[in-house]
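Below is one structure; the comments refer to it alone.
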Amino acid sequence: MECRPFAEKERGRDIVRVIDRKEVLVLDPDLSKDYLERIQNRTKEKKYSFDYAFGRDSTNSDVYTKCISSVISGVVQGLNATVFAYGSTGSGKTYTMVGTKDDPGLMVLSLHRIFDLIQRNKSSDEFEVTCSYLEVYNEVIYDLLERSSGHLELREDPEQGIIVAGLRCIKVHSANKILELLNLGNSRRKTESTEANATSSRSHAVLEITVKRKQKNKYRNQVMRGKLALVDLAGSERASETNNGGQKLRDGANINRSLLALANCINALGKQHKKGLAYVPYRNSKLTRILKDGLSGNSQTVMVATISPADIQYHHTVNTLKYADRAKEIKTHIQKNIGTIDTHVSDYQRMIDSLQIEVCRLKKELAEKESQQIIKPAEKAVDDELSWLNTLSHETNENVQERINLQKALYELEETNLRNRTELQHLDDAIAKQQAIEKDGSVVETLRARRQIILDNIRDNDEAGVNYQKEIESNEKHRCQLQDMIEEAISNNGNKTYLRILSKYRLLGMANTELQFEMAMRDQVIYNQREVVRNMWDLLMGLGLDERRILDLAAKRGIAIEDWTMASHLGLSTIKQSSELAFGRNAPSGYFPGMGLSYSRQSCIFEQCQDSGSSSMPEECHKPTPAFCREEHHSSYFVVSQDHSPSAYMRMRKSSEHWVGGRSNICFSTPDKHPQDLRRSCPELRIHTSPLVKAAYLPPLSLLPISASSKCPLEQGSGILNSSYIVPNPECSNRPQYSNMPPFTPTRSVSFGSSNSSPHGHPQSFV
Ligand SMILES: Nc1ncnc2c1ncn2[C@@H]1O[C@H](COP(=O)(O)OP(=O)(O)OP(=O)(O)O)[C@@H](O)[C@H]1O
């Protein structure tokens, strides 16, 4: 084990202590632990012992002398040796293996040693040294000594064990030549600058030196072949720490995968020697297949675990030491590789051994496959669940589609009936006129027949409407059931299910928007109808007819007709022509240009606005302006007026009943009641006012108080029913919810209330 010194940029506390060159103590990085916790063994302090432990004042040469030099001399005697550095990124693996000019690494020192030994025995023996250098990058093997190396494949050779097919082996005669090749290979190696290490190795590099030794005189046909593998692993890392992305992140994942495979092999080999045979998963990565011999076969192996002293590296440090501790248990079987020029019997024995191991492995794989077959029922359950989810999402979609269709149908029915009712009125007028002038009554008869058809249509449509309402209700019930199932699935299942359901929610959201748009269209039609009524009144008044008489006449004939006063109270005469108000599919939902009407997606409000521009507007602009708030499309309508006279109240009631088709849940009150009283007497209004205001897609409003005394106790900025004029904040000209909306015209304001109680003649709030 080797602990490097603190790096230049590294900050933090030194938590590694090396004791007697054998033990390593890693202190708890958390300084806040007290004495009690320490004696109760609740600290994260860890202690490991190794063959050798080196602190930050040690050099590579110290490590080499103590741990490696004896192994290297074996290589020249026909033994295999593997030296590899294992540790997290930036812990000093490359520094240990390659080193620097001043502190040459284990690779360099080993090579020098090999050639020293060769030099010493040159007179009696013939040596042949070959060298290869490869890297495993993203599970692909490349030749570092070949400029344009393609992908190399691993083969299992009965004689030599695992070999890399096509890997270049260069004959070398001096350590310097190998060092030259080493530098060349290193320059081709994949390195990257990461947050954890400026020159982080992104590949595992294996330098292999083969030394063939033939004695000159005796045993002329006997050859000793020693192999030294020097491995510089890529650093294990956590994506969160290296801050990598893209290719670097993918590299990191591959590095971690192959290091995990190596760790698993070390684990299994450790167990193998403690508890007997255990399956060693060499085949899980190229790295472990290459290192197979070095890990357990015919090799003397040295693992140098490199660690950082910094407290922030605590987890990496402990992890590395844990694996190094396990690696201690691994036993290898060293034997001299002596062969004759012809294949030696021992080679056949090796072949048999390796084939037997292979047979064992295959048997094991077969047994695993068979046990997976037994697990099939569990897989079936997963399949069932997925198909259940598909059915659920299909049903949800159908439910939404059905809801949209029903709403559309209802909308069309109501629209048709609006037209029918208008026609009915025309017919009644025409019949009355015709009766006065006609003698034989044939035209009247035709008109009556037509009237009857229209009446039947209205009745049929009303019935159909009731049925549609019922269907909408049952659709809603089904939706609730589906919702419950979705909720249950979310609580029972993992992320996958949750995400699926989320995507379905999004679909639902889209469908809902579509629906809201339809609603807005429908409201526009209602508005247009009202404008037709206003135009009719214009015409009638233009003809000089008396309004009272017309209303009385209509009442006698049982015709509900909206009165002129109401129409003018609504400020309809001040509203621009319908051509300006028209909006099509492309118009943004929620906003009716030129009208000062705003439409809320959630609750559909219509607020009647009037031009105000500034607080100094002329008196006539502050005419009482009622607000029309239509909530939830079918549930309730609010008509609020500031006209205090009982007759106006009655007119409004009548008018609003007519407007909404005489629904029972109209909610309004006289303005002479105190605001709070009104809200109390009208719970729906109370319930709906606040969300209605919050849901309105008006831009944030700023209040311009007219007088301090007239301040309303309601929420500031609610934009509704306040004693002051509320003008849109001119700086806030876009609506976040509807980016394609036209900018809000700052000269429009929303005003509610009566003009007579404000000292400035401005409307006063009543709710
Ligand atoms: N024993 C040491 N003495 C002085 N400096 C060291 C020592 N060990 C490592 N360093 C320095 O620490 C930094 C990281 O070392 P190195 O590149 O060897 O880490 P590594 O484990 O190979 O990282 P990676 O896995 O990312 O390639 C380098 O700047 C190196 O010079």
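Residue indices begin at 1 and follow the sequence shown. Excluded from the calculations below are hydrogen atoms, water molecules and symmetry mates; all remaining heavy atoms, backbone and side chain alike, are included. What you see is a predicted model; the values in this text were computed from it and never measured. Atoms within each ligand, like the ligands themselves, are counted from 1 in listed order.
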**Fill in**
Logged contact type for S58 with ligand 1, heavy-atom cut-off 4.0 Å, is neither
**Request:** Within a distance under 4.0 Å of any heavy atom of K93, pick out the atoms of ligand 1 and give their elements.
**Result:** 18 (O), 19 (O), 20 (P), 21 (O), 22 (O), 23 (O), 24 (P), 25 (O)
**Item:** T306-ligand 1 polar pair, N/O distance under 3.5 Å
**Value:** no
**Request:** Just do the side chain to side chain donor-acceptor pair (under 3.5 Å) check on T306 and T96 with the steps written out, would you?
**Result:** CA-CA 8 Å; T306 56; T96 305; 5.6 Å; no
**Request:** Could you tell me whether the side chains of Y133 and D143 share a donor-acceptor contact shorter than 3.5 Å?
**Result:** no
**Asked** Based purely on interatomic distance, does D232 place a nitrogen or oxygen under 3.5 Å from a nitrogen or oxygen of ligand 1?
**Response** no
**Item:** Atoms of ligand 1, numbered as shown, that sit under 4.0 Å from any heavy atom of S88
**Value:** 21 (O)
**Request:** Would you please determine whether G87 falls within less than 4.0 Å of ligand 1 on a heavy-atom basis?
**Result:** no
**Prompt:** What about G92: any of its N or O atoms under 3.5 Å from an N or O on ligand 1?
**Reply:** yes
**Message:** Closer than 4.0 angstrom, basic N to acidic O: yes or no for E126 and R213?
**Reply:** no
**Prompt:** Between R56 and D14, is there a salt bridge with N-O shorter than 4.0 Å?
**Reply:** yes
**Message:** Please tell me whether T59 and S61 have a donor and an acceptor in their side chains that are separated by less than 3.5 angstrom.
**Reply:** no
**Message:** Would you say NZ of K212 has more than 12 non-hydrogen atoms from neighbouring residues, nucleotides or ligands within 6.0 angstrom?
**Reply:** no
**Prompt:** Quick check: does A234 get an N/O under 3.5 Å from an N/O on ligand 1?
**Reply:** no
